[in-house]
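Just below is one structure, and these are the notes that go with it.
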Amino acid sequence: MEILSTRSLATLLRRQAGVLTREQARGAGLTGEAIDRRLAARHWVPLHPRVYRDSGHRLTDEVRIRAAVLWAGEGAVLSGLAAAWWHGLAPAPAGEVVVIVPRRRGPRSRAGVTVRRRDLDPVDRGVLRAVPVTAAPLTVLEAAVELGAAGPGFLDRALRTRVGFAEVAAALARNRGAAGAASAAILLDGAAVRSEAVTLDLLVRAVRDARVIGWRVHHPALGMVLPLAFPRSRVAVQVEGWARPVDPARIRRELWQEHVLRRAGWTIARVGRHELVADRAGTIRALVGTVAAAGRHGVAAARSGDAAGRAGDAARAATAPRARPAGAAG
């Protein structure tokens, strides 16, 4: 029995970086007395109540994280910057480990561990290397908030390389009432502004290199400023980066602006960062084609308007009373 217990323990400790709970040790076959002897001999070192580290393993970030989640117990999920490190999205975390537990459970925060209570949607949780952890989209948001001033840069890098904007925006929508959600929304809107500026810069360089003519940057029209426009052809170019706005007021304002432009006879052309980076020449060709088509449509409309105007003038002249010659009798 002791041999079987030793083998089971060795497997467990190897899988969990030297961390285990008292319940796991009992499940591996040790009695309470055997556990206490290991503690007394300092073979095992307490990390949290009923959570121990085998003395043959160093106290690392992995050990701290595993111990915190094991101590938090049933339903606990690693969150925040520690979760970002676990996903390989951020450097090793400093400070406390954040865990989320279901509302029905009541462990309190303790030294080294911050406990937050809320019920997560199944989409927002997973298991990575045997540790329950928030899914990458939610992790990116919460880590960005936790990073403070470094959050915007972290969020932009993650959106460009590791997670999709739509997934992150959906995670925010599912967790609107959570701690830090308001800050996360501000960060995500800021990412949209920054990504549009970067994409506009890429587009300007591309049209300049292609020697496209007739475009203007920050062109005023109808009481708004267009990022890039072809005024003669009445084409307004909307750039889309790696992020889109999530603020409802801004979304409504952008839709209203597009409506005003279309009513005034403008064509809306959209250029995204992804296609601009993936196929620069093809994107510019498509844009030039849109501008040319809009220009032809504008010329045809103008000619049609001129012809209609001339026809109207002729009709009015034909039906107008003829002026009498001077001196004619009444």
So do the side chains of Met224 and Val260 get within less than 4.5 Å of each other, counting heavy atoms only?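 Yes. Closest side-chain heavy atoms under 4.5 Å.
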For [X] and [Y], work out which heavy atoms get closest and say how close.
X: Phe154; Y: Ala143; result: CE2-CB, 3.7 Å
X: Ala221; Y: Trp266; result: CB-CZ2, 4.0 Å
X: Ala185; Y: Val246; result: O-CG2, 3.9 Å
X: Ala269; Y: Thr290; result: CB-CG2, 4.2 Å

NZ/NE/NH1/NH2 to OD/OE distance under 4.0 Å, [X] and [Y]:
X: Arg280; Y: Asp209; result: yes
X: Arg205; Y: Asp201; result: yes
X: Asp36; Y: Arg22; result: yes
X: Arg253; Y: Glu258; result: no

Does [Y] offer a backbone N or O that forms a donor-acceptor pair with the side chain of [X] under 3.5 Å?
X: Trp215; Y: Leu228; value: no
X: Ser233; Y: Phe230; value: no
X: Arg53; Y: His57; value: yes
X: Gln16; Y: Leu13; value: no
X: Asp54; Y: Val19; value: no
X: Asn175; Y: Ala178; value: no
X: Ser55; Y: His43; value: yes

How about [X]: does its [atom1] atom have over 12 heavy atoms from other parts shown lying under 6.0 Å from it?
X: Ile213; atom1: CD1; result: no
X: Arg194; atom1: CZ; result: yes
X: Arg129; atom1: CZ; result: yes

Nearest 0.5 Å please: distance from the [atom1] atom of [X] over to the [atom2] atom of [Y].
X: Leu188; Y: Arg244; atom1: CG; atom2: CZ; result: 11.5 Å
X: Leu47; Y: Leu70; atom1: CG; atom2: CG; result: 10.0 Å
X: Ser79; Y: Glu146; atom1: OG; atom2: CD; result: 7.5 Å

Evaluate the criterion side-chain hydrogen bond (donor to acceptor under 3.5 Å, both in side chains) for residue pair Glu275 and Thr283; output intermediate values, then yes/no. CA-CA 7 Å; Glu275 55 263 33; Thr283 301; over 6 Å; no
If the condition is salt bridge (Lys or Arg N to Asp or Glu O under 4.0 Å), which residues does Arg250 pass it with, not counting sequence neighbours?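 Testing Arg250 for salt bridge (Lys or Arg N to Asp or Glu O under 4.0 Å), a comparison that skips the adjacent residues, returns Glu196, Glu254.
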Single-linkage hydrophobic cluster, 4.5 Å side-chain cutoff, [X] and [Y] together:
X: Leu138; Y: Leu78; value: no
X: Trp44; Y: Leu12; value: yes
X: Val277; Y: Leu200; value: yes

Run the side-chain hydrogen bond (donor to acceptor under 3.5 Å, both in side chains) test against His87 and tell me which residues pass, sequence neighbours left out.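 Partners of His87 by the side-chain hydrogen bond (donor to acceptor under 3.5 Å, both in side chains) criterion come out as none, since no residue qualifies.
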Any side-chain donor-acceptor pair under 3.5 Å between Thr139 and Thr134?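 Yes - a donor-acceptor pair under 3.5 Å links their side chains.
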Quick one: side-chain contact (heavy atoms from CB on, under 4.5 Å) partners of Val101, sequence neighbours excluded? Ala72, Ala76, Arg105, Pro107, Val115, Arg117
Trp71 six-ring centre to Arg50 NZ/CZ under 6.0 Å and within 45° of normal: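 No - Arg50 does not lie over the ring of Trp71 by the 6.0 Å and 45° rule.
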